[in-house]
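Chain identifiers are assigned alphabetically (A, B, ...) following the order of the sequence lines, protein sequences preceding nucleic acid strands; residue numbering begins at 1 within each chain.
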Protein chains: 2
Amino acid sequence: MEQPQELAQIIRMHRKAARLSRVQLAELAGVGKTVVFDIEMGKESVKLDTLRKILKVLNIKIIWKSPLMENLQNSENEKS
Amino acid sequence: MEQPQELAQIIRMHRKAARLSRVQLAELAGVGKTVVFDIEMGKESVKLDTLRKILKVLNIKIIWKSPLMENLQNSENEKS
DNA sequence: AATGATTTACTGCTAAAGCAGTAATATGAA
DNA sequence: TTCATATTACTGCTTTAGCAGTAAATCATT
């Protein structure tokens, strides 16, 4: 089974799983309903803090991943 | 050693590692220099697509993590 | 079918993101 | 020191995100 990569699909999927309507989600997140609609429609020009409010309700975390940071993690537990 | 969690610090750290000035990073990302300054100053009200342009230059990926998605991943490779 | 909730799709309006330009400092190397 | 680059910190200005309100359309349940 394919894992959704698009933010829009991820949001929608979590909202459905939480059995929330878009209006309900917007209210819980403390944002306008329009943004929730827009994001699920694939709009990428959302403000990060607004997005974070929505993600918080849905229990989604943002992980910043890069080769550089993975190298740091690897070097934390070296073997002799 | 502590891993930076703040977006601002992550950006700065990667920019330094790439030996780029803020203006250079802004130019490479195709955004104004002001945004790069603002982000590194901790501003959270950035547009997602603007942020993505910067992250792309620095080779940083965004991972959306949640218990729900981890369950899906686990159920992909079941053991008999 | 009928009722209610949800979704989609508009509308102006306001607040703010993003921009280039400028300038003052800070930093750093020759 | 001197010269160049980088950083910080301001400007207005334009674009647009986000908002509530409204209404039509779709969906679901009885």
Peer 1: Go nucleotide by nucleotide along DNA chain C from the 5' end; which of B/T34 and A/K16 gets its closest nucleotide reached first?
Peer 2: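 The 5'-side residue here is A/K16.
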Peer 1: Nearest whole Å is fine: how far is C/dT27 P from B/R19 CZ?
Peer 2: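 In whole Å, C/dT27 P lies 18 Å from B/R19 CZ.
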Peer 1: What's the closest nucleotide to the side chain of A/S21 if the choices are C/dA17, D/dA6, C/dT7?
Peer 2: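 Closest nucleotide to the A/S21 side chain: C/dT7.
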Peer 1: Please name all residues satisfying side chain to side chain contact (heavy atoms under 4.5 Å, CB included) with A/A29, sequence neighbours left out, ordered by chain then number.
Peer 2: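 Per chain and number, A/A29 pairs via side chain to side chain contact (heavy atoms under 4.5 Å, CB included) with A/V31, A/K53, A/I54, A/V57.
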Peer 1: Ion pair present between A/K33 and A/E27, side-chain N to carboxylate O less than 4.0 angstrom?
Peer 2: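 Looking at A/E27 together with A/K33, the answer is no, because their closest N to O distance does not fall below 4.0 Å.
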Peer 1: Can you list everything that forms a side-chain hydrogen bond (donor to acceptor under 3.5 Å, both in side chains) with B/R12? Sequence neighbours excluded, please.
Peer 2: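 With neighbours one apart ignored, the set is empty.
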Peer 1: What is the separation between atom CG on B/D38 and atom P on C/dC19, rounded to the nearest whole Å?
Peer 2: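 About 10 Å, once rounded to whole Å.
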Peer 1: Across nucleotides 22-30 of chain D, 5' to 3', mark each nucleotide with B, S or - according to how protein heavy atoms within less than 4.0 Å reach it.
Peer 2: B--------
Peer 1: To the nearest Å, how far apart are A/R12 CZ and C/dT6 P?
Peer 2: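 In whole Å, C/dT6 P lies 15 Å from A/R12 CZ.
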Peer 1: For A/M41 and D/dG18, what is the distance between atoms CE and C1' respectively, to the nearest whole Å?
Peer 2: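 About 17 Å, once rounded to whole Å.
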Peer 1: Heavy atoms within less than 4.0 Å of DNA chain C: which residues of residues 44-54 of chain A have one? Give them sorted by number.
Peer 2: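 Only A/K47 qualify.
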Peer 1: Restricting to side chain to side chain contact (heavy atoms under 4.5 Å, CB included), what partner residues turn up for A/K43, sequence neighbours left out?
Peer 2: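 Here the qualifying residues are A/D38, A/S45.
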Peer 1: Return the set of residues passing salt bridge (Lys or Arg N to Asp or Glu O under 4.0 Å) with A/E44 (not counting sequence neighbours), or none when no residue passes.
Peer 2: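 Partners of A/E44 by the salt bridge (Lys or Arg N to Asp or Glu O under 4.0 Å) criterion, ordered by chain and then number, come out as B/R52.
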Peer 1: Nearest whole angstrom, please: distance from the P of D/dT7 to the CD of B/E27.
Peer 2: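 Rounded to the whole Å, the gap is 13 Å.
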